[in-house]
2 protein chains.
Amino acid sequence: MEFKHQATVTLAEVAEAAGVGESTVSRVLRNHGSFSGKTRERVMAAVERLGYVPNRIAGTLASTGSRLVAFVIPSLSNIVFPDVLRGASAVLEENRYQAVFSVTDYDPGKEEALAAAMLAWRPAAVMLAGCEHTEGTVKMLRASGCRVVELLDLDGDALDIAVGFSNRAAGRESAAFLLKRGYRRIGYVGHDLNRDTRAGKRFSSFCETLAAHDAPLVAREILPGASSVENGRLGLERLLARTTDLDAVYFSNDDMALGGYFHCLAKGIAIPSKLAIFGYNGLDIGRATPQPLSTIRTPRVATGEIAAQLVVTNAPPQAVDLGFELIEGATA
Amino acid sequence: MEFKHQATVTLAEVAEAAGVGESTVSRVLRNHGSFSGKTRERVMAAVERLGYVPNRIAGTLASTGSRLVAFVIPSLSNIVFPDVLRGASAVLEENRYQAVFSVTDYDPGKEEALAAAMLAWRPAAVMLAGCEHTEGTVKMLRASGCRVVELLDLDGDALDIAVGFSNRAAGRESAAFLLKRGYRRIGYVGHDLNRDTRAGKRFSSFCETLAAHDAPLVAREILPGASSVENGRLGLERLLARTTDLDAVYFSNDDMALGGYFHCLAKGIAIPSKLAIFGYNGLDIGRATPQPLSTIRTPRVATGEIAAQLVVTNAPPQAVDLGFELIEGATA
DNA sequence: ATGAAAGCGCTAACAA
DNA sequence: TTGTTAGCGCTTTCAT
């Protein structure tokens, strides 16, 4: 089944070849402890000659402290989590940490199973999306004693470290912006909210804010499945078929919003005079459309970077609010 | 620095608690070898009671065969490699393999360093993009004895396993399609080709095909840095400023092509009558634009799936051509 | 069906 | 500065 390693060079062989003890080789290789320059030369020469590659599995076991960081993320279908991974991996690589990942498909049960599998690797930290997890996940994570970092959502109690921003605030500010612009008959197009709890939080506080200003949500169209440009397009088409007098639509994210935008372009619906469009995420593509997308830009790469930084420095438990930026754009 | 594990439950403690030997616990947990139903019960009860989480670091070391698969990928900035990872991770998770990754930024030297770091984890396989690697990388990979999978490019000699398609063929077919459509004054807008060798291969065979049909490339605009929608837009703007009589433009990928498409929308350039646009990748978003993007769809998720499948089944060395699909679209 | 014991390749005291 | 020696927590013969 798995690969059986063929005659790999071991540290003992390097020690033998260099004519020194094993621990000396270990010290030289990790540049830790003391050894003479001469010894160093001999060891490095032997390493070179034999083509020795240290075995970090063995090293980790012996030192009972790993440099693995485990990511348990909901999805790789859009750029959001790749952005987080990108930010984190840059920092982790600099610090000789190794990133491990698995994908939950927004399924809390799967999150629990995958987190358990991750823990078996004894990672230095487990990074998860958001702060809603099953009881089992929480219990297991707590018991593991490893660092836990919750990403991209600050609306809840952090287990250990949390890095991100408030999704509720994002929903609120989106609503406030549309109201300030004078829109009163507002609709919503979203993807499956039961699974994506962060989108759900944005939506509910969006609605609350509208209601508090006497302009309650007029209509909504929720599509099953993941967010996508095509679903955004389809959602807006359906929403407009049912509701003719909307003046603005809030989308669960930019992918969905771009779909809506394309629908308007295709149907000749004037934006924003006839219909305003507002998204979430602040994807680069939304800045290059003929009319820049009105949206909220989230610090995804920075979230990954900061999270990784806190882990490698073994920072104390804390919640880091990176905030977000409202992009006025030209579609609202 | 790293986290020191606090009092973790070990297999020995489970054995003690269950009143059996360590090897018995090991057998039960891996469901391998023989043991009585009664013993099984007792072991599982102890596992449950103590909250035992097996240590795969120790397990891997003892069995000298790992279930780690290492991905050394160029970028996480667009959806291409996340798609590959997504396909692979689904298969790997089913088979209880674990994915590890790091990002090279299209730098061959960094690829070598990261591949070396990966090898230290003694993975079952290393997955790389394309088939151009430094001599050092090749030598190291060969010596490692672990499986090597080269992804998304079949134009070269595979080290071990290769899964993907021919980028040269993609460039060729793109050119043939534009010529068949009657375009003769064709330009190119691309990103840094020295780094992205696959885009470079597409471009060169695209040019060769044009030249072979007496319609050599008229102009090109190469932007430094990574591909992006904004760069595509900027690139087309610059190209058109210099060259007024183009009838079609080939882009290094869909991100770039969408930028060009948006530029035309914004400037009122009629597509495809005044200018045709052709991309590469077949991103979902290109299907939802008012005019579907003319492009080549690549099997990114399938590439990941097949690659993972071959690794978990320990398949013999081979090159798997998944092909690609030309999408006529409406922009060319 | 089960247990004892010898490693897997390294790190980390502790001596020297 | 260096070598010796225990483990780290498992898997895997090999007996029983």
Side-chain angles (χ1 to χ4, degrees), chain A residues 1-43 46-47 50 52-68 96 119-123 144-145, chain B residues 1-43 46-47 50 52-68 119-122 144-145:
Chain A
M1 199 70 180
E2 296 104 293
F3 165 75
K4 298 291 175 182
H5 289 283
Q6 59 198 34
T8 17
V9 183
T10 68
L11 183 141
E13 300 178 66
V14 174
E16 164 101 81
V20 299
E22 295 187 28
S23 50
T24 302
V25 176
S26 178
R27 281 183 212 112
V28 170
L29 257 28
R30 287 175 301 128
N31 196 28
H32 179 281
S34 50
F35 45 82
S36 70
K38 201 168 192 167
T39 312
R40 204 195 109 87
E41 306 266 296
R42 292 193 8 221
V43 169
V47 164
L50 301 177
Y52 171 66
V53 177
N55 184 333
R56 288 191 81 170
I57 299 276
T60 301
L61 180 60
S63 64
T64 67
S66 101
R67 280 175 180 265
L68 282 174
R96 310 192 319 126
L119 253 18
W121 289 101
R122 299 294 189 269
S144 77
Chain B
M1 199 69 180
E2 296 103 292
F3 165 76
K4 298 292 177 185
H5 288 285
Q6 60 200 30
T8 15
V9 183
T10 67
L11 183 142
E13 300 177 65
V14 173
E16 164 101 82
V20 300
E22 296 187 28
S23 47
T24 301
V25 177
S26 178
R27 282 183 213 111
V28 170
L29 257 27
R30 286 175 302 124
N31 196 29
H32 180 279
S34 51
F35 44 83
S36 71
K38 200 167 191 169
T39 309
R40 205 197 108 86
E41 307 266 295
R42 300 212 340 240
V43 169
V47 164
L50 301 178
Y52 172 67
V53 177
N55 184 333
R56 288 191 83 171
I57 299 276
T60 301
L61 180 61
S63 63
T64 65
S66 100
R67 279 174 181 264
L68 282 174
L119 252 18
W121 289 101
R122 299 294 188 268
S144 76

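Keep in mind the model is a prediction, meaning the values are calculated, not measured. Residue numbers start from 1 in every chain, and the chains themselves are labelled A, B, ... in the order their sequence lines are given, proteins ahead of strands.
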Provide, to the nearest angstrom, the distance between the [atom1] atom belonging to [X] and the [atom2] atom belonging to [N].
X	N	atom1	atom2	answer
B:K38	C:dT2	NZ	P	10 Å
A:L11	C:dG9	CG	P	11 Å
B:E22	D:dT13	CD	P	17 Å
B:R42	C:dA1	CZ	P	15 Å
B:L61	C:dC10	CG	P	9 Å
B:R40	C:dT2	CZ	P	13 Å
B:R122	C:dG9	CZ	P	8 Å
A:I57	D:dC8	CD1	C1'	13 Å

**Study point:** Heavy-atom pair with the smallest gap, counting every atom of B:V25 and B:A15
**Key:** CG2-CA, 3.6 Å
Check your understanding: Ignoring hydrogens and geometry, is there a side-chain-to-backbone donor-acceptor pair from A:S66 to A:R122 under 3.5 Å?
Key -> yes
Taking any heavy-atom pair under 4.0 Å as a contact, classify [X]: base, sugar-phosphate, or nothing.
X	result
B:R27	base
B:T10	sugar-phosphate
B:S36	sugar-phosphate
A:T60	nothing
A:G37	nothing

Would one find a side-chain N or O of [X] under 4.0 angstrom from OP1 or OP2 of [N]?
X	N	answer
A:R30	C:dA12	yes
A:T24	D:dT2	no
B:S34	C:dA1	yes
A:S26	C:dC10	no

**Study point:** B:S23 (side chain) and C:dG3 (base): donor-acceptor pair under 3.5 Å
**Key:** yes
Exercise for review: Decide if atom CD of A:E16 counts as having more than 12 heavy atoms of other residues, nucleotides or ligands within a radius under 6.0 Å.
Suggested key: no
Check your understanding: With B:E22, which of B:T10, B:L11, B:V14 fulfils side chain to side chain contact (heavy atoms under 4.5 Å, CB included)?
Key -> B:L11
Check your understanding: So, do B:F35 and B:V20 sit near enough that their side-chain heavy atoms are less than 4.5 Å apart?
Key -> no
